[in-house]
Amino acid sequence: MTSWEIRQKYLHFFESRGHAVTPSSSLIPAGDPTLLFTNAGMVPFKDIFLGLESPRTPRAVSIQKCIRAGGKHNDLDRVGFTRRHHTFFEMMGNFSFGDYFKSDAIAFAWEFLTRELAIDPKRLWITIFRDDDEAMALWSALPGVDPSRIVRLGEKDNFWQMGDTGPCGPCSEILVDQGPAFSCGSPDCMVGCDCDRYLEIWNLVFMQFNRSRDGVLTPLPRPSIDTGMGLERISAIMAGVASNYETDLFLPLIDSISQKAKVPYEMGNGSLDYAFRVIADHLRSGVFLLHEGIVPSNEGRGYVLRRILRRAIQFSLELELPSPVLSDLAKQTVLMMHHPYPELENSLSRIQDVLSHEEDRFSRTLSEGLPVLKGYINEVISRNENILPGEMLFKLHDTHGFPIDVCEDVARHQGVHLDFKGFEEKMEEQRERGRQSWVGKKEDFPVPASRLSVPVSFLGYERDQVMGEAILLIRDGKEVTEVHEGESVSLVLTPTVFYGEGGGQVGDRGLLRGPFGQITVSSAKKPWPGWILLVGTVTSGTVRKGELLDQQVDLFSRRQTEIHHTATHLLHAALRQVLGEHVRQAGSLVTPERLRFDFSSPHPVSKVDLEEIGALVNEWIRRDQPVNASEMEKSKAQEVGALAFFDEKYGDIVRVVSVEGTSTEFCGGTHARSTGQIGTFLILQESGVAAGIRRIEAVCGSAAYDRILYWKSSLEAFEQEMGGVKSEEALSRLATLKTERDRLQREVAALKTKLFVSEDRQRDKEWVRVNGSSFLFTDVTIDDPKDLRLRMDALKSDVTSGAVLLLGVLPERVVLLGWASEDVAKKFPVSDLVKSFSARLGGRGGGKPIWAEGGGPMPENLESLLAEMREIGARTFGDAFKA
RNA sequence: GGGGGGUUAGCUCAGUUGGGAGAGCGUCAGGAUCGCACCCUGAAGGCCACGAGUUCGACUCUCGUACCCUCCA
C-alpha cells in the first residue's frame, strides 16, 4: 500500500464519520511566537483546545506537515542515524472538539487499523494510562482485542499535557509488534521498551482535565480528542519495510542521490546509508521551509533552515556528491511530494535559487574554515593534548562562521574532543557584550514609570501645535520645579504633539513657549510605553512645573521625516514585489535627512533590481494616492493583511497605515498625507549589515533634490577639470590619460636606466678591485629614493662577483642602498656596512647580507663623511678579500 | 549598535623578527606536433582597497575610512 493510498483512506474514513477534512496549515504557527515551527498535528487547533477560539466544526481530520528541529524537541543530530527520526514529517490526526470522546476515538482507531489497513489484530498491542480504567474497559470490549495485550503505563509515557497548566489527560497508544527480529534482545524487552520491536504508531490523547496553577486537576465540561499517527511510520509498516526511509516518502529521493553519488543505498545495511537518510530528510524539510518563504539566515527560523541545509551539504560531501547538488535534489523532492503538495512546483525555481546560493556560500565558509580548523587541531596535537579549547572553537564559529558540529566531526577523526563549556562561555561573553553596547546607548529615564500614573496623550497625528501642561521637569537626572536659561532639561508635557522616537522614526524637534521662558527641544523619546519625554535646552527665561506651554514642532523636519517614513513603506512594498515575499523588515531608521531600511535577503540586490525598485516607488509617488491611517483591533488588521513583524510588541488596538493597493502595515509613526508629497525617491546605496540582511539608504523630497544638486555641481566641477568635456566623454578621456601616464612612467624609468648606465661608465675608475671581486662606493644626487634602485640595477647588471654601496643625496636627508653578490656577501655582508654607516649618519639601517637599506638626516659635514666612508668601505672590502 | 576577520596580477591565492612584490590558472608571442589536450621557452599584466601616523625604510606595525564575510544584540 502506498503512502498516497494511506492518506486517501485515512481522510475518507474520518470524513465519512463526520470529520471536516482540514488542509495542512503552515509550518509557521500563526500568532504563536513561542513556537518556532508547527511540530504536532494539533498545533493549528491549539486555541480551540485552550478555549480561546470556538471550533467551526465539532470534528476535524488533517494530515499536518510538521518540523521538529531547533528549540526544545531537537533531534537534529539523531536524524539519519535511526530508522524513525525526521526533521520533517506528516502527522495524521483526527480531532474532536468537545464532541465524541474515548469510546469513539478508540473504536475509530481500531476499525481503521484492522479493517481499512487490514493489519492483523494479533500484531497489535495497546498501552493505556495506569489509572484509566475507562479506557481499559472500552478496549477490552472491542472484538478482536486481547485484554492481555493491554498494558498500563505511567505518567511519563501515557499522560499528556500541553504545558504546566491547561488541558491535559491520559492517552492510549497503539503499537505494532514487528517481531523478535526487531528486538533489542534484552530479556526485559517488552511493550514500553525503547527498541524497534514494539513500535508506537498511533497516540490517542483524551483531553479531559484542566490543570490549574497549583496543580489541581478539574474535569473539563466538554472533553476533547487529539490523535496523532505519523504517516512515515504507518507507511513503513504497510510497506513491510524496516525503516521509514525505505518508503515511497523517501526512496525516490534516495534513489536519485544514489545515482548522483554512484553509490548504492543498501537499505540500512551500508556503511554510508546514514548519509543518504540525512540528505533526504533535510531536503524534505528544506524544500518545505523554503516554500513557506523562510530564507537561510543567522537567527530564528532562518537559522534552523540554514543549519538543516548546511548539514545536508556536509553529508553530501561524505558521499562525494558532485557539487552543487541541492538544487537538483530539490527538484526530485518536489516531484516526489507532488501529489499531496502540488503547490510546491510554483516555488521550485525560487527554492532552487536560494539553495544554490546557500550551497555556494557554505562551500566558501567550509573551504575557508577547514584549514584554520586543521591548523588548530595540529596545534593541539603537537602539544600532546586532545581537547580543542573553547577559544579556538569560538574563533572558528564567530569569525569564520564555521559550524561546530562539523568541527566535532573533523576533530573526532583525529581523536580530539571539543571544549564545549569554554565555547559556551565565550558565546555568553559575546552576548553580554552585545547587550552592554545596546543598553549603554539607551538613555536612562531618571524617574521610574510608576511615578507617572497618567499616560501622555499624543495629538501629533492630527495637529502640529497645541498647549500642554509641564507635568514633570528633570535637570541633571533629578526632578525639579523650575529650570532656567542655559540649562539642559528633560520634561513631560500632556497633551503633546511631539512624536517620541519609536518604530525607527526619530523624535521631533521644536520649540516650547511658556509665559516666562522658552525651551528648544532637540529630541523626543519614549522611555516607557505611553510616555513621551522631551529633551532640550532653556533658551530664555524660566519654565516652571505646572505651566502651560505652547508647543511648536519644527514643521520642516517633521514633514521631511513623514515623507521619509511613507517612502519606507513604499520601499518595503516594492522590495517584496520585485525581490519576493520573503523580504522581511529587519530594522528601520527614519530621519528628516534620509531613511535607512534593513531587510532579510539572501544575496545583494542587483543593480537592475535596485533600479526597478526605485522606479516603482517613484511611480507610486506620482500616482499621488492618499495615505490612510486608522486604529483597529489586531485581529481585524490581520484580516486586512497588514504586514506585522514584531507582533508581540503591539497591544490589542493597533494602528494601520495603508496606501491603497500598495502597502498596508502596522505602524505607529507619522506619515505624509498622500504619496505625492514625497516628491522624489532616490536610492543612495545598497549594502550588507549582517549575513542575509541587506540595507538600503535613500533620500526623499528636498533632501533628494539637494543631493541631486550636489551631484550636479561636483559633476560640473569634474567636467571642467577634465577640460570642459561632457562627463560621458570624460570617462574615456580619463582612460586615455591613465594609459598615457603609465606609458610615460615606463618611458621615464627606461630613460633613467639608460642615463644611469652611461653615467656609471664614467665611474669606472672608482671601482676597487681585489682578487677578481670588485667594490664600488659612490654618491649621487637624486630627487626620488626609487632612483637609487634603478641605479643599483644598472650598476650591478655587469658585475658577477662584487658589491655596490650607493649613497643618495636628497634635499633634506641621505639614503643608503647596498648590494653584494652571493659569493661576496659571505665574506663581506653589505648589511654590516649599511648598518654602521647609517649610525654614523645619525639614522638606522639594515637588511640582508646581499641587500640592505639605510639612511639618516642630512649631515652638516657631508663631504668629509663621504671621504671617510669611501676609505672605510674600500679598506673593509680589501681586508675581506686580501688572502 | 558592538565584536572578530578579509581586501596583493584578469581569476584563485602565497608572502613574519619592517629591508629588492610572488605562484598557479588565464592572456599574448615563439617552439614542439599531421592536429588537439599536454609539453617547453619567453613576455605583458601591480599606487599590495583608500587616507593618515610611526620609521632611514611599510604589502608587513598603529589609527581612521570604504567595501565584503561572519558572530552577537
Side-chain angles (χ1 to χ4, degrees), chain A residues 296-300 303 306 310 360-369 371-372 391-404 423-424 426-443 504 586-589 596 598 602-604 685-695 738-739 741-743 745-746 784-786 788-793 795-797 804 806-810 812-821 825 829-831 834-859:
Chain A
S297 77
N298 51 10
E299 61 174 36
Y303 185 64
R306 168 165 285 176
R310 294 195 164 187
D360 189 50
R361 190 129 82 166
F362 185 51
S363 69
R364 288 181 77 102
T365 301
L366 277 187
S367 56
E368 278 165 23
V372 181
E391 199 163 335
M392 289 180 172
L393 286 173
F394 177 72
K395 179 106 175 166
L396 274 164
H397 177 65
D398 180 66
T399 299
H400 305 284
F402 203 77
I404 296 304
F423 172 71
E424 261 312 313
K426 286 276 166 195
M427 286 298 282
E428 190 45 47
E429 276 175 34
Q430 156 137 286
R431 277 188 271 265
E432 191 47 41
R433 253 202 315 276
R435 279 191 287 264
Q436 287 290 335
S437 77
W438 186 245
V439 293
K441 294 277 170 207
K442 215 169 176 180
E443 227 161 300
S588 161
L589 175 71
R596 200 176 74 192
D598 297 346
H603 39 242
Q685 70 158 1
E686 189 267 356
S687 59
V689 260
I693 308 283
R694 309 299 304 177
R695 167 173 294 176
K738 229 173 147 184
T739 50
R741 185 203 60 184
D742 289 351
R743 193 183 64 77
Q745 275 179 351
R746 271 195 298 273
D784 183 351
K786 278 180 188 152
L788 216 54
R789 289 191 180 164
L790 287 176
R791 273 183 188 275
M792 182 63 85
D793 286 341
L795 280 166
K796 75 186 173 74
S797 59
V804 178
L806 291 177
L807 187 142
V809 181
L810 286 140
E812 286 178 356
R813 60 192 177 109
V814 293
V815 289
L816 278 167
L817 183 62
W819 165 83
S821 62
V830 73
S831 47
V834 168
K835 202 180 270 180
S836 68
F837 283 6
S838 297
R840 246 168 224 277
L841 289 162
R844 286 186 301 139
K848 292 181 278 189
I850 58 159
W851 187 273
E853 293 170 41
M858 174 63 71

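Note on naming: letters A, B, ... go to the chains in the order of the sequence lines (proteins, then strands), and numbering restarts at 1 for each one.
- Atom name C1', nucleotides B:C47 and B:G42: the rounded distance is 27 Å, in whole Å.
- Proximity note for A:Val815 (side chain, C-beta onward) versus B:C56, B:C71, B:A21: the nearest is B:C56.
- Per the geometry, CD belonging to A:Glu429 stands 14 Å off P belonging to B:A73, to the nearest Å.
- B:A23 and B:G15 have their C1' atoms separated by 10 Å, given to the nearest Å.
- Nucleotides B:U27 and B:A9 place their C1' atoms 12 Å apart, quoted to the nearest Å.
- In this structure, of B:G4, B:C69, B:G20, it is B:G4 that holds the atom nearest to the side chain of A:Thr399.
- For the P atoms, the distance from B:A58 to B:G4 is 27 Å, rounded to whole Å.
- Protein atom CZ of A:Arg695 is 13 Å distant from nucleotide atom P of B:C69, rounded to whole Å.
- At a cut-off of 3.5 angstrom, counting only N and O atoms as typed in the model, there is a donor on one side and an acceptor on the other between the side-chain of A:Gln430 and the base of B:G2.
- Atom CD of A:Glu853 and atom P of B:U55 are 17 Å apart (whole Å).
- For the pair A:Lys848 NZ and B:G15 P, the interatomic distance rounds to 16 Å; values are reported in whole Å.
- Residues passing the ring-ring contact (aromatic ring centres under 6.0 Å, His included) test with A:His400, sequence neighbours excluded: none.
- For A:Asp793, counting side-chain heavy atoms from C-beta on, the closest listed nucleotide (B:G20, B:C56, B:C72) is B:G20.
- With B:G3, B:C56, B:G20 as the choices, the nucleotide that has an atom nearest any side-chain atom of A:Asp398 turns out to be B:G3.
- Side-chain proximity of A:Arg844 to the nucleotides B:C71, B:G57, B:C68 is greatest for B:G57.
- Side-chain proximity of A:Arg813 to B:C72, B:G57, B:C68: nearest is B:G57.
- Within the 4.0 angstrom heavy-atom criterion, base atoms lie near A:Lys796.
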Secondary-structure string, 5' to 3', Watson-Crick or G-U under 3.5 Å, | for another-strand partners, for RNA chain B: (((((((..((((.....[..)))).(((((.......))))).....(((((..]....)))))))))))).
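- We find that CD of A:Glu432 is positioned 17 Å from P of B:G4, with the value rounded to whole Å.
- Scanning for side-chain hydrogen bond (donor to acceptor under 3.5 Å, both in side chains) contacts around A:Glu391 gives an empty result, with sequence neighbours left out.
- Considering only side-chain atoms of A:Ile850, the nucleotide from B:C71, B:G20, B:C69 that sits closest is B:G20.
- Whole-Å rounding puts the A:Leu396 CG to B:U70 C1' distance at 12 Å.
- When each of A:Ser838 and A:Leu816 is assigned the nucleotide of RNA chain B with its nearest heavy atom, A:Leu816 is the one assigned upstream, toward the 5' end.
- Rounded to a whole angstrom, the distance from the C1' atom of B:A44 to that of B:C59 is 23 Å.
- Closest to the A:Lys395 side chain, of the nucleotides B:C69, B:G19, B:G4, is B:G4.
- Distance CD (A:Glu391) to P (B:G4): 13 Å, rounded to an integer number of Å.
- No contact: A:Gly843 has no heavy atom under 4.0 Å from any strand.
- The residue A:Leu841 sits apart from the nucleic acid: no heavy atom pair falls under 4.0 Å.
- The CZ atom of A:Phe402 sits 20 Å away from the C1' atom of B:C72 (whole-angstrom rounding).
- B:C13 sits 10 Å from B:U8 when the P atoms are compared, rounded to a whole Å.
- Within the 4.0 Å cut-off from OP1 or OP2 of B:A21, at least one side-chain nitrogen or oxygen of A:Arg789 is found.
- Between the P atoms of B:G26 and B:C36, the separation comes to 16 Å (whole Å).
- Listed nucleotides: B:A21, B:G1, B:C71. Nearest to the side chain of A:Arg596: B:G1.
- For B:A21 and B:C48, the C1' atoms lie 8 Å apart once the distance is rounded to whole Å.
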